[in-house]
Amino acid sequence: MKHLILMMVAVFAISMSAQAQKLSKEEKAAAKAQKEAETSALMKNLFQSKNFQFVPTEVQTKTGGSVNINKYEYTRVRPDSFIVRMSQAPSIDVPKYELVTNEATKTGYIFTVKVEAGGSTNTISISVNSKTGFAQMRIKSNKAEELIYKGSIREN
């Protein structure tokens, strides 16, 4: 009799645990959806205002593979200036830039500019996934190979 009661208690405890996990999964999904909505709204605001920073975590080159970035580097976009302070990239600090595109895509936003600096013409494209905030930046120059950075977008 004791064994039967203990088994019933064990089955009840397991079923309650399964119920708690289901709620936990639903709560996790709701929290993820909420975070994605908040990130999407923030990315829309930042790209429309042209007031954000790209912060790289990794740089890739065609010949050098991939390198993690362990120090603070950034590209700062403002309506009236464009600044690049990143390893392997040309140093850029200009008060004006030519906006090529700033538009929404299926998955996020793309922001492309042309910048004249140091005697070279640079086309810089920053794309972001609006749900995750993960971003990629490409720098094409008429004097150097293309650089590709991976990172994130944040407020200035």
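Keep in mind that this is a model prediction, so the values were computed, not measured.
- Between Ser66 atom OG and Glu58 atom CD the span is 3.5 Å, to the nearest 0.5 Å.
- In this structure, Thr112 and Ile124 have side chains that are not in contact, with every pair of non-hydrogen atoms separated by 4.5 Å or more.
- In this structure, Glu145 CD and Ile139 CD1 are separated by 11.5 Å, a value rounded to the nearest 0.5 Å.
- At distances below 3.5 Å, at least one donor-acceptor pair connects side-chain atoms of Asn156 with backbone N or O atoms of Val77.
- Val59 has its side chain out of reach of Met86: every pair of non-hydrogen atoms, C-beta onward, lies at least 4.5 Å apart.
- Taking the charged nitrogens against the carboxylate oxygens, Arg85 and Asp93 do have a contact shorter than 4.0 Å, which makes a salt bridge.
- Residues passing the ring pair (Phe, Tyr, Trp, His ring centres under 6.0 Å) test with Tyr149: none are found, sequence neighbours excluded.
- Using a 4.5 Å heavy-atom threshold, the side chains of Gln53 and Thr75 count as separate.
- Counting only residues at least two apart or in different chains, ring-ring contact (aromatic ring centres under 6.0 Å, His included) contacts with residues 104-127 comprise Phe47-Tyr109, Phe52-Phe111.
- Note that CG of Leu46 and CZ of Arg154 are 11.5 Å apart. Values are rounded to the nearest 0.5 Å.
- With a 4.5 Å cut-off on side-chain heavy atoms, Ser127 and Thr105 do not count as touching.
- The number of heavy-atom neighbours closer than 6.0 Å to OH of Tyr74, taken from other residues, nucleotides and ligands shown, is above 12.
- Each of Met137 and Ile110 belongs to its own hydrophobic cluster when Ile, Leu, Val, Met, Phe, Trp and Tyr are linked at side-chain heavy-atom distances under 4.5 angstrom.
- Under the 3.5 Å distance criterion, with hydrogens and angles disregarded, no donor-acceptor pair is assigned to the side chains of Gln34 and Glu36.
- Remark: the backbone N or O of Lys35 is paired with a side-chain donor or acceptor of Thr39 at under 3.5 angstrom.
- Linking Ile, Leu, Val, Met, Phe, Trp and Tyr residues whenever their side-chain heavy atoms come within less than 4.5 Å places Val67 and Val84 in a single cluster.
- To the nearest 0.5 Å, atoms CD (Gln88) and CD1 (Ile148) are separated by 12.0 Å.
- Taking the side chain as every heavy atom from C-beta outward, Leu147 and Arg138 never approach each other to under 4.5 Å.
- Summarising the geometry, atom NZ belonging to Lys131 is positioned 14.5 Å from atom CD belonging to Glu38; distances are rounded to the nearest 0.5 Å.
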key: Evaluation steps, side-chain contact (heavy atoms from CB on, under 4.5 Å), between Lys140 and Asn122   = CA-CA 6 Å; Lys140 295 179 183 177; Asn122 302 284; over 6 Å; no
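- Put simply, OG on Ser152 and CG on Asn129 are 12.5 Å apart, with the number rounded to the nearest 0.5 Å.
- Between Val94 and Glu116, every side-chain heavy-atom pair lies at or beyond the 4.5 Å cut-off.
- Here the closest non-hydrogen pair linking Ser91 and Ala117 is O-CB, 4.4 Å.
- For the pair Ile153 and Ile126, the minimum side-chain heavy-atom distance is below 4.5 Å.
- Of the possible polar contacts, none joining the Ser81 side chain to the Arg78 backbone as a donor-acceptor pair under 3.5 Å is found.
- Under the rule for a side chain to side chain contact (heavy atoms under 4.5 Å, CB included), the partners of Asn142 that lie at least two apart in sequence or sit in another chain are Ser120, Thr121.
- Remark: side-chain polar atoms of Lys50 are not paired, donor with acceptor, to backbone N or O of Leu99 under 3.5 angstrom.
- At least one side-chain heavy atom of Glu73 sits less than 4.5 Å from a side-chain heavy atom of Lys71.
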query = So Val113 and Val100, side-chain contact (heavy atoms from CB on, under 4.5 Å) or not? Walk me through it.
reply = CA-CA 5 Å; Val113 297; Val100 176; 5.6 Å; no
